[in-house]
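One structure below.
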Amino acid sequence: METILRKYKIEDTQAILDIINYNILHSTALYDYTIRTYEAQLAMLEDKMKKDFPVIIAEVDGVVAGFGMYGEFRFKEAYKFTVEHSVYVSNDFQGKGIGKLLMSQLIATAKEQGIHTMIAVIDSENQSSVDFHEKYGFETVGLIKESGWKFERWLHSVFMQLILK
Ligand SMILES: CC(C)(COP(=O)(O)OP(=O)(O)OC[C@H]1O[C@@H](n2cnc3c(N)ncnc32)[C@H](O)[C@@H]1OP(=O)(O)O)[C@@H](O)C(=O)NCCC(=O)NCCS
């Protein structure tokens with residue numbers, strides 16, 4: 001199994017969309033109810049490119065296995081050294097070290113870009129993502145209770161933070 005990390009290309013959009021839409025339908029990792037269209041996903045990715053935010057693809061033997069990206073945490077100017085990131089690995093490739101590669105590259109890129117802090121907003125039911133983030137030094141700094149409603153239940157958002165040195 002050969003895994004490479006590379007920059008996003010437009011041809012990756014459908015693979016990213018498939019991973020996102022799977023998680024929208026089957027998990028609380030995303031708080032959307034409705035699957036995204038190709039056009040909406042492409043517009044989001046193009047917006048990241050335009051703003052020089054990274055979209056990193058993990059490719060295993062020519063197949064898109066996962067991706068990591070970040071963008072604005074909030075939109076007011078003083079937040080400009082803070083980013084919110086996400087890492088997704090498709091089901092077939094989880095537990096093989098791909099998330100680790102993506103997260104390490106995101107952290108390295110954030111440092112290169114002069115970012116001061118990274119934030120993950122994680123559903124409290126997603127313990128694997130909380131555990132995953134702790135591996136990289138992220139600390140839980142807040143819990144917004146009952147901030148989401150999906151699958152007929154209240155969801156709580158865990159905020160995890162890494163200050164970059
Ligand atoms: C969370 C996620 C990105 C992890 O990616 P992955 O490729 O499966 O993780 P890796 O195999 O690279 O593991 C990296 C580390 O995290 C730990 N980890 C990964 N999944 C874990 C789990 N379910 N429970 C506990 N620890 C876990 C691994 O033990 C590993 O630690 P190590 O380096 O000390 O061995 C992936 O499971 C995923 O995409 N989940 C669904 C989408 C999601 O929830 N994304 C996060 C949204 S904020």
Side-chain angles (χ1 to χ4, degrees), residues 1-8 12-36 40-41 44-45 47-48 53-74 79 82-111 115 117-151 153-164:
M1 175 172 127
E2 195 206 358
T3 307
I4 58 159
L5 295 185
R6 59 167 176 78
K7 285 187 180 172
Y8 158 78
D12 301 318
T13 309
Q14 186 63 48
I16 292 174
L17 184 65
D18 290 344
I19 295 172
I20 290 282
N21 281 343
Y22 177 87
N23 278 282
I24 288 175
L25 289 175
H26 300 288
S27 83
T28 55
L30 286 143
Y31 277 19
D32 308 61
Y33 290 165
T34 315
I35 55 170
R36 283 183 199 160
Q41 186 61 62
M44 284 180 199
L45 291 162
D47 182 62
K48 297 239 186 289
F53 287 130
V55 178
I56 302 162
I57 301 291
E59 190 183 290
V60 178
D61 299 332
V63 174
V64 175
F67 58 88
M69 62 178 88
Y70 60 69
E72 298 95 341
F73 169 59
R74 299 189 74 191
Y79 286 114
T82 301
V83 292
E84 181 180 338
H85 68 277
S86 51
V87 177
Y88 284 86
V89 176
S90 77
N91 277 3
D92 294 347
F93 292 99
Q94 287 177 14
K96 299 177 195 295
I98 293 170
K100 179 180 189 163
L101 286 175
L102 287 164
M103 180 63 88
S104 303
Q105 186 58 52
L106 278 183
I107 292 171
T109 304
K111 286 181 179 171
I115 299 301
T117 185
M118 297 174 72
I119 310 284
V121 183
I122 303 169
D123 182 57
S124 69
E125 294 179 6
N126 195 353
Q127 189 59 44
S128 64
S129 183
V130 171
D131 293 345
F132 171 73
H133 280 85
E134 281 176 351
K135 299 260 174 191
Y136 306 97
F138 282 80
E139 287 180 288
T140 297
V141 290
L143 174 75
I144 313 294
K145 291 182 206 164
E146 300 184 9
S147 46
W149 173 263
K150 189 173 178 181
F151 302 139
R153 59 182 182 266
W154 286 115
L155 303 177
H156 320 291
S157 308
V158 179
F159 280 61
M160 297 189 76
Q161 177 177 31
L162 179 68
I163 304 262
L164 301 171

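Numbering of ligands and ligand atoms starts at 1, following listing order.
- Remark: ligand 1 and F93 share no N or O pair separated by less than 3.5 Å (distance only, no angle test).
- Distance check on atom 18 (N) of ligand 1: every protein heavy atom falls at or beyond the 4.0 Å cut-off.
- When only non-hydrogen protein atoms are considered, atom 40 (N) of ligand 1 lies nearest to Q94 NE2, 3.6 Å.
- K135 contributes no side-chain N or O that, together with a main-chain N or O of V130, makes up a donor-acceptor pair within less than 3.5 Å.
- Under the 3.5 Å distance criterion, the side-chain polar atoms of N126 are left unmatched by any main-chain donor or acceptor of A29.
- Ion pairing of R153 with E125 is present here, as a side-chain N (NZ or NE/NH1/NH2) and a carboxylate O approach within less than 4.0 Å.
- Salt bridge annotation for D12-K7: absent, with no cationic side-chain nitrogen under 4.0 angstrom from a carboxylate oxygen.
- Contact atoms of ligand 1 toward N126: 43 (C), 44 (O) (distance under 4.0 Å to a heavy atom of the residue).
- Proximity of the aromatic rings of F53 and H85 is defined here by a centroid distance below 6.0 angstrom, and this criterion is not met.
- Annotation: atom 34 (O) of ligand 1 to nearest protein heavy atom, K135 NZ, 3.1 Å.
- Put simply, CD on E72 and CG on D47 are 6.5 Å apart, with the number rounded to the nearest 0.5 Å.
- Using modelled atom types, one finds no donor on one side chain facing an acceptor on the other under 3.5 Å when comparing N23 with Y88.
- Distances from atom 4 (C) of ligand 1 to the protein include at least one heavy-atom value under 4.0 Å.
- Side-chain contact check for T82 and T117: no donor-acceptor pair (N or O, by modelled atom type) lies under 3.5 Å.
- Within ligand 1, the atoms closer than 4.0 Å to a non-hydrogen atom of K96 are 11 (O), numbered from 1 in the order shown.
- Of all protein heavy atoms, the one closest to atom 23 (N) of ligand 1 is S128 CB, 2.9 Å.
- Under a 4.0 angstrom heavy-atom cut-off, S129 registers as being in contact with ligand 1.
- Of the heavy atoms in K100, both backbone and side-chain atoms come closer than 4.0 Å to ligand 1.
- Protein heavy atom in closest approach to atom 7 (O) of ligand 1: G99 N, 2.8 Å.
- Close approach to G97 involves these atoms of ligand 1, each under 4.0 Å from a residue heavy atom: 10 (P), 11 (O), 12 (O).
- Here's the thing with A29: none of its N/O atoms is less than 3.5 angstrom from an N/O atom of ligand 1.
- Of the protein's non-hydrogen atoms, the one nearest atom 26 (N) of ligand 1 is D131 CB, 3.9 Å.
- Regarding atom 42 (C) of ligand 1, its nearest protein heavy-atom neighbour is Y88 CD2, 3.4 Å.
- Taking only nitrogen or oxygen atoms, main chain and side chain alike, F132 does not reach within less than 3.5 Å of ligand 1.
- Looking from atom 8 (O) of ligand 1 to the surrounding protein, the closest heavy atom is G95 N, 2.8 Å.
- In this structure, a donor-acceptor pair under 3.5 Å is absent between the side chains of T13 and Q41.
- Using a 30° and 60° split on the angle between ring planes, F132 and Y136 fall in the perpendicular class, above 60°.
- Around the CD atom of E139, the shell of radius 6.0 Å holds no more than 12 heavy atoms that belong to other residues, nucleotides or ligands.
- Among all protein heavy atoms, the one lying closest to atom 45 (N) of ligand 1 is V87 O, 2.9 Å.
- Here the side chain of Q94 pairs a donor or acceptor atom with the backbone of V89 at under 3.5 angstrom.
- Under a 4.0 Å criterion applied to the non-hydrogen atoms of Y136, ligand 1 contributes the atoms 14 (C), 15 (C).
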